[in-house]
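Computed over heavy atoms, backbone and side chain alike; hydrogens, waters and symmetry mates excluded. One is the number of the first residue; the rest follow in order along the sequence.
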Amino acid sequence: PVIRHILLLQPAVSVGNVGQLAVDLVISTLDMTKVGYFYTDCLVPMVGNNPYATAEENSTELSINAEVYSLPSKKLVVLQIRSPFIKNKYRPFCETLLSWVKSSKCARVVLLSSSHAYQRDDEQLLGTPLRYLLTTDLEKAVGGRMQELNWKEMEKVAAYPGISDTDKVLHIPGGGITKLLFTESCSKGIQMAVLLKFCSEGDNIPDAFVLVNYLNEWLQLTKSEVNPSSQWKIPSSWRLLFGNGLPPALF
């Protein structure tokens with residue numbers, strides 16, 4: 001679909017699947033309409049029931065590994081990715097995605113991601129576990145807003161720790177396609193923001209709420225002054241996040 005002046009929101013498939021869970025909350029809460037698929041051979045094939053089923057009638061709709069949802073009233077398009085990448089397919093996926101972003105005239109892309117908490121450097125251990133990155137083109141437009149929100153930019157770390165501290169690089173361990181997609185967007189002049197949370201594998205639902213509230217601070221997708229986390233609608237598929245319960249026959 002051709003989209004104009006639209007914001008594209010998508011997850012990186014990263015540690016704890018935090019970005020994907022946060023995107024689930026956005027799609028479910030805003031009751032977004034599925035408008036198509038993102039066909040690619042870069043992801044592990046997958047098919048399942050409707051993850052956002054609200055009634056018996058729509059529970060049998062099929063979902064695949066990469067789907068596009070839309071909310072015209074907020075000029076928002078969401079690409080949800082539900083399966084991991086096939087080995088060595090990061091780059092072709094990034095190229096396909098960014099050429100689609102350009103051809104469909106998306107104004108901005110927001111990538112929700114995560115990074116291994118245990119690989120933070122000393123500076124990153126302080127304060128909030130949330131970080132952001134902006135491409136140069138987007139920095140000009142919204143950099144001031146990030147300062148107002150008192151957000152912390154993702155720190156660059158020494159390329160050769162202990163040998164030289166002058167060469168600093170962007171390091172996002174556990175971030176999946178995050179770094180590649182961000183650096184490619186920088187070089188192609190695409191306005192991209194990365195919002196990420198440091199976390200560990202486990203029950204990552206709390207991390208997803210923290211990340212989606214962080215996104216909401218900036219984009220104001222929903223409004224609830226009292227309890228930010230209570231404004232999000234948990235999708236029906238989350239009941240099975242850790243598989244089915246134990247069968248009683250075991251006991």
Side-chain angles (χ1 to χ4, degrees), residues 9-32 34 43-44 46 48-55 58-59 61 63-67 69 71 76 78-85 110-120 124-125 127-132 149 151-152 154 172-178 193-247:
L9 176 69
Q10 69 159 87
V13 182
S14 50
V15 57
N17 304 319
V18 177
Q20 291 152 293
L21 292 169
V23 165
D24 261 356
L25 288 169
V26 171
I27 295 169
S28 179
T29 304
L30 301 179
D31 197 18
M32 296 182 75
K34 179 157 66 174
L43 294 164
V44 173
M46 182 226 89
N49 283 8
N50 179 4
Y52 313 115
T54 48
N58 65 3
S59 64
E61 287 172 16
S63 289
I64 64 164
N65 54 9
E67 296 187 320
Y69 294 80
L71 187 63
L76 178 68
V78 172
L79 168 64
Q80 176 61 303
I81 299 172
R82 297 198 178 92
S83 70
F85 283 86
V110 176
L111 183 69
L112 298 183
S113 184
S114 49
S115 183
H116 284 303
Y118 73 87
Q119 289 196 338
R120 286 173 292 178
Q124 292 170 338
L125 287 165
T128 174
L130 294 158
R131 293 291 185 278
Y132 77 91
L149 290 167
W151 280 13
K152 277 187 93 165
M154 182 71 172
I172 308 175
I177 60 166
T178 309
V194 174
L195 272 52
L196 70 81
K197 183 178 187 299
F198 294 117
C199 68
S200 306
E201 290 277 4
D203 177 358
N204 295 101
I205 289 174
D207 299 309
F209 276 110
V210 171
L211 187 60
V212 80
N213 286 333
Y214 186 54
L215 171 77
N216 203 45
E217 266 184 65
W218 172 29
L219 295 182
Q220 303 284 300
L221 297 173
T222 77
K223 287 187 172 67
S224 162
E225 303 305 318
V226 194
N227 177 3
S229 291
S230 67
Q231 66 200 338
W232 302 106
K233 181 181 162 200
I234 292 175
S236 51
S237 53
W238 282 23
R239 288 199 307 268
L240 302 172
L241 216 51
F242 299 102
N244 291 328
L246 294 171

Student: Let me confirm one number: the CG-CG distance from Leu211 to Leu25, rounded to the nearest 0.5 Å.
Tutor: 10.0 Å
Student: Step by step, would you call Ile177 with Phe85 a side-chain contact (heavy atoms from CB on, under 4.5 Å)?
Tutor: CA-CA 9 Å; Ile177 60 166; Phe85 283 86; 3.7 Å; yes
Student: With a 4.5 Å limit on heavy-atom distance, are the side chains of Leu215 and Val26 in contact?
Tutor: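 Yes, at least one pair of side-chain atoms sits under 4.5 Å.
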Student: Are any of the side-chain heavy atoms of Cys199 and Asn204 separated by less than 4.5 Å?
Tutor: yes
Student: With no hydrogens and no angle check, is any side-chain donor or acceptor of Ser115 less than 3.5 Å from a backbone partner on Gly174?
Tutor: no
Student: Roughly how far, to the nearest 0.5 Å, is the OG atom of Ser236 from the OH atom of Tyr52?
Tutor: 9.5 Å
Student: Is any side-chain heavy atom of Val78 less than 4.5 Å from a side-chain heavy atom of Gln10?
Tutor: no
Student: Quick one: side chain to side chain contact (heavy atoms under 4.5 Å, CB included) partners of Asn58, sequence neighbours excluded?
Tutor: Asn50, Ala53, Thr54, Ala55, Glu61
Student: Between Ser14 and Ser114, which heavy-atom pair has the shortest distance, and what is it?
Tutor: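 Reported closest heavy-atom pair: OG-OG, 2.7 Å.
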Student: Shortest non-hydrogen contact from Ser63 to Lys34?
Tutor: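 Minimum heavy-atom contact is OG-NZ, 4.0 Å.
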Student: Is there side-chain contact between Leu76 and Met32, with heavy atoms separated by less than 4.5 Å?
Tutor: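 Yes; the side chains approach each other to less than 4.5 Å.
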Student: Using only atom types and a distance under 3.5 Å, with no angle test, would you say the side chain of Ser83 pairs donor to acceptor with the backbone of Asn65?
Tutor: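 Judged by distance alone, no pair lies under 3.5 Å.
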Student: If you round to the nearest 0.5 Å, how far is CD1 of Ile81 from CG of Leu79?
Tutor: 4.5 Å
Student: Measure across Leu43 and Ala66 and return the closest heavy-atom pair with its distance rounded to 0.1 Å.
Tutor: CD1-CB, 3.8 Å
Student: Please test Leu9 against Tyr69 for side-chain contact (heavy atoms from CB on, under 4.5 Å), starting from the C-alpha separation and ending with a verdict.
Tutor: CA-CA 10 Å; Leu9 176 69; Tyr69 294 80; over 6 Å; no
Student: Who passes salt bridge (Lys or Arg N to Asp or Glu O under 4.0 Å) against Arg120, sequence neighbours left out?
Tutor: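 With sequence neighbours excluded, Arg120 shows a salt bridge (Lys or Arg N to Asp or Glu O under 4.0 Å) to no residue whatsoever.
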Student: Is any side-chain heavy atom of Met154 closer than 4.5 Å to a side-chain heavy atom of Gln124?
Tutor: yes
Student: Is the distance between the ring centroids of Tyr118 and Phe198 under 6.0 Å?
Tutor: no
Student: Evaluate the side-chain proximity of Arg82 to Glu67: yes if any heavy-atom separation is below 4.5 Å, no if none is.
Tutor: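 Heavy-atom side-chain distance check passes, below 4.5 Å.
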Student: Do Thr222 and Thr29 get their side chains close enough for a donor-acceptor pair, meaning under 3.5 Å?
Tutor: no
Student: Partners of Thr178 by side chain to side chain contact (heavy atoms under 4.5 Å, CB included), sequence neighbours excluded?
Tutor: Ala12, Leu111, Ser113, Ile172, Val194
Student: Identify the heavy atoms of Ser200 and Val15 that sit nearest to each other, and give their distance.
Tutor: C-CG2, 4.5 Å
Student: Show, in sequence, the C-alpha distance, side-chain angles and deciding distance for Phe209 and Leu21, and conclude whether the side-chain contact (heavy atoms from CB on, under 4.5 Å) test is met.
Tutor: CA-CA 8 Å; Phe209 276 110; Leu21 292 169; over 6 Å; no
Student: Quick one, Asp24 with Gln80, criterion side-chain contact (heavy atoms from CB on, under 4.5 Å). Give me CA distance, side-chain angles, the key distance, then yes/no.
Tutor: CA-CA 8 Å; Asp24 261 356; Gln80 176 61 303; 3.0 Å; yes
Student: Locate the shortest heavy-atom distance separating Lys223 from Gln220; write the atom from each residue and the value.
Tutor: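 Closest approach of Lys223 to Gln220, heavy atoms only: CE-OE1, 3.7 Å.
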Student: Check whether the ring centres of Tyr132 and Trp218 lie less than 6.0 Å apart, and answer yes or no.
Tutor: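 Ring centres of Trp218 and Tyr132 not closer than 6.0 Å.
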Student: Within a strict 4.5 Å, meaning less than it, do heavy atoms of the Leu196 and Leu112 side chains meet?
Tutor: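 Not in contact.
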Student: Please confirm whether the backbone N or O of Leu221 pairs with a side-chain atom of Asn216, one donor and one acceptor, at under 3.5 Å?
Tutor: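 At least one qualifying donor-acceptor pair exists.
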Student: Hey, are the side chains of Leu30 and Lys233 touching, using non-hydrogen atoms and a 4.5 Å cut-off?
Tutor: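 Not in contact.
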